Structures are given as structure tokens and as C-alpha cells.
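As the structure is a prediction and not an experimental result, all values here were calculated from the model. Each residue takes its place number in the sequence, starting with 1. What's counted below: heavy atoms across the whole structure, side chains too, no hydrogens, waters or symmetry copies. In each ligand, atom 1 is the first atom listed, and ligand 1 is the first ligand listed.
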Amino acid sequence: MLTNEIKALADSWESMAIDIRRMLHRIPETQFNEFKTSGYICSVLDTLGIPYKKGYGGGTGIVAEIHGEGEGKCVALRADIDALPIKEETNLPFASEHEGFMHACGHDAHMAIALYTAFILNELKASFKGLVKILFQPAEEGDGGAEIMIEEGVLEDPKVDVCIGGHVMSEYETGTIVYKKGSLMSSPDNFEVVIRGTGGHGAYPERCVNPIAVTADVVKKLTSLTDANVPRVVSVCTIEGGTCPNVIPSEVKITGTARTFTRQSREEVARLIEDRVREVCDEYLCGYDYKFIPLYPALINDDAVTEAFCTSAVKIVGEEKVIPTHQVSMAGDDFSYFAASVPSTYVHIGCRSEESEEIYPIHNPLFTVDESCLKTAAMCYSQYIIDCLAGEW
Ligand SMILES: [Zn+2]
Ligand SMILES: [Zn+2]
């Protein structure tokens, strides 16, 4: 439905969407501080006359609404809006103007795609029923703005029937949309362990229990919990302990991340980490404190929504550009809260330029997107939302 109209609108709005992405790229802000970013999104929505409510998710979240003709279903499209504390090294003419901060996860592209989709749907709103909610969500990196916005009721009144979203990925070529039914991204939980030994003079280790020696064994055992067959990843990422070369400290703190896909394997990893820590500490006769810090649930795509999304995407970008994958990602994304609340799908948006020799992954100071990915994603989102609200799905 309306495939040619969507393509024509996508052509006419493309350069504006690229300008928006570049503008947002200049002003990266980290979680819950996305005030300039949020203000800029509101100004774009104002220009287009698209109504919105702001102040969600700690202040910077926005919900824009595009009403079709008459009663119908409600589809939500989510875009995350935060950046990372990374110093940009791309030397692009529109590189970050905020020293030490960067849109290294491509959320600038996600916002531009969401606004681009909003322009297209706003032009075509006489052709569908129901409502489109565009959710601009703060704090994806770390503290989970999604959960807060859901608690604030963004999925209610009217109730959201389906939610979609996506992430730019430089491992996939621009122009492609990569999808997966079922498990897509892990539960990215954290853990903290404090090993309590007995400190003393570095010259007399026999009078001490050196927590650094204990930690060395603990790290080895925890690392070996990583198991591709589960799948499960356990990585120790920080070690803090000791102050000078001749004093054995009395404690060492380690932190790390544990990634799993099911509730059962999540509970199991929390238990296994403590078991390994206890075994080593018992051997050395020392104590420990242990904390498992659950972050997001795993991101599980709904089969039927994923299938319907792909059928719509194929209509507009062609079968060869809509690619299935069996690979799960050990990264996490708090889109998982939306997916756990309503039938949802989250796709990967290829953003690697064919000409680029080097591929820099997300969270790298040289990461960048081939901007033609904006059009591919906005067309696929628009086509799916229109098909969904026209009653096709
Ligand atoms: Zn990220
Ligand atoms: Zn991201």
C-alpha cells in the first residue's frame, strides 16, 4: 500500500533528514542530559506541525503523535537519543562540538530516521486509521530510560498494539535491513565482587592473605564461565586494589558483565559467579562480598511482528535487501522493555559504505554511518506502519 508515495516522499525529504542527523551529531549528550537534543527534536516537530508531549524519562523524553483518519490500532516507533563519553576522532565537518562526547552508537541516525518517518507518515495520515506514537527515549546507554517511559505510561492511553525499533550496524552494508525472530540481544547484567584478604608488608606475604593473588584466580575462573553453547558471556572489566609497591592491600574490588538470554540462564549465571568466587575464597581462607546487578531483560522479537515487518520491508526495498540472521548479539538494548511489554520487533540497519576500507564498530571513536541508511530505514518503518494501520497486518 502506498509504496510509490512513500518512495517519492522519502526522496524529497532525504537531504533534510541528513541535515538533521548532522545537526544532532554535533551536540551529543549523555544519558538524562539530552536537553539540547530534546529541544532540537521539538523544534523540528514544531516546524512540521506534529503534536508531541515532552518531559518523559527524567525530562528529555518526547512522545510525538501522528493521528490517522478515525479509530484504529496504535503503533509505536522508538528512537534512543543519548550519546557516549567518547572523544570523537572522525574529523568529519559535523563532528562533535561537545568535547569528550560523541554519538558513537549512531543514536543521531536513529533520531533522524524517526523524524524522517514522522515526515512521511504525517503527509500520508489521511490514508490510514489509528495512531503512530514516536518515542524519543533518553538513556539507552546504561540506566534504562525505556523502563521509566513505560512506567510513565507511554504504552497506554491509547494502548500501543505493536512497537518497532532498530539499530544502525556497520557490519552490514548500507541499504540492508537485517532481522531475526526470537532472541536478538542479551540481558547485559553487571556484577561486583569485593575480595577481603589480610593486608600487610609486601616483604612478609606469609603474614597476609593477599587479595590480589586471590583475585587472579577468581578472574580466571569467572572468565571460564563464558560458554557459546548456552550462550553466556562473563567478562571481568575492572580491578581496583593496592596503593603502592610494598603494601599488600586488605581488599580488591572487581566488576564485570554477565550476558545471557533466558531467565533461567540469567539466574544460573548469577549463582555460578558466586560459586566460583566462594570456591577460591574458601581455598585462601578469605571473605568476599558479592552483588549481582540486573540491568535489562534480553531482547526477544515477536515472530509474527517480525514476519509482517519483513513482508512490508521487502515491498519497498526488495527481497535481496531484507536479510535474515541467526546470530544473537551479546550486546544489550533497553528496547527489550518495550519488547517485553507489547509484541515488537527490533531490526539491524546496515550502515557500512561500500567504499569504506575500514569498518569501525559502534562505540569506536571513528564510528560513522553511511547516511543513505536513513532512507532505507525510514522507508521500511513507514511501509510497515502504514500496512499495519491500514489493517493489512
Ligand atoms: Zn551503545
Ligand atoms: Zn546504541
Side-chain angles (χ1 to χ4, degrees), residues 21 24-25 27-34 37-38 41 57 60-61 77-90 96 98 100-115 117 134-149 163-172 174 177-180 184-190 233 235 237 257 259 295-299 301 325 327-339 344-352 359-371 373-374 376-377 381:
R21 181 256 158 170
L24 289 164
H25 192 85
I27 54 164
E29 296 166 298
T30 50
Q31 54 180 3
F32 301 120
N33 290 309
E34 309 94 336
T37 304
S38 179
I41 294 168
T60 54
L77 164 61
R78 174 271 209 170
D80 40 14
I81 69 170
D82 55 327
L84 288 158
I86 291 177
K87 189 175 171 353
E88 180 159 356
E89 292 172 12
T90 62
S96 169
H98 294 172
F101 298 95
M102 176 185 176
H103 267 299
C105 203
H107 299 182
D108 52 338
H110 301 169
M111 291 182 267
I113 292 165
L115 288 165
T117 306
I134 316 247
L135 313 175
F136 293 95
Q137 178 219 305
E140 187 283 318
E141 304 281 358
D143 282 340
E147 191 181 20
I148 305 172
M149 286 184 79
C163 186
I164 60 169
H167 206 296
V168 289
M169 286 288 169
S170 53
E171 49 267 57
Y172 302 120
T174 304
I177 294 288
V178 178
Y179 70 94
K180 184 179 180 305
L184 180 72
M185 296 176 95
S186 73
S187 239
D189 301 323
N190 290 338
V233 164
S235 295
C237 297
T257 184
R259 291 166 182 246
L295 292 183
Y296 313 156
L299 199 172
N301 280 332
T325 179
Q327 220 180 329
V328 291
S329 161
M330 296 318 290
D333 192 301
D334 72 348
F335 183 84
S336 60
Y337 285 108
F338 294 112
S344 301
T345 198
Y346 196 68
V347 293
H348 288 153
I349 301 160
C351 70
R352 186 182 78 230
I359 306 165
Y360 299 103
I362 49 174
H363 290 213
N364 184 292
L366 290 164
F367 172 78
T368 188
V369 301
D370 176 343
E371 288 164 324
C373 75
L374 306 180
T376 305
Y381 287 170

Distance only, no hydrogens: is a donor on one side chain within 3.5 Å (strictly under) of an acceptor on the other, for Glu171 and His348?
-> no

Pick one: which of His110, Gln31, His167 meets side chain to side chain donor-acceptor pair (under 3.5 Å) with Asp80?
->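 The passing option is His110.
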
Please confirm whether the backbone N or O of Tyr296 pairs with a side-chain atom of Ser187, one donor and one acceptor, at under 3.5 Å?
-> yes

Measuring from the Zn ion (ligand 1), name the closest N, O or S atom belonging to Glu141.
->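 The Zn ion (ligand 1) is closest to the Glu141 atom OE2, counting only N, O or S.
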
For the atom pair CG (Asp108) and CD1 (Ile113), what is the distance rounded to the nearest 0.5 Å?
-> 9.5 Å

Vertex the Zn ion (ligand 2), arms to His107 NE2 and His167 NE2, rounded to 10° |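 The NE2/NE2 angle about the Zn ion (ligand 2) sits at 120°.
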
Between the Zn ion (ligand 1) and Cys105, is there an N, O or S atom separated by less than 2.8 Å?
->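 It does: Cys105 brings an N, O or S atom closer than 2.8 Å to the Zn ion (ligand 1).
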
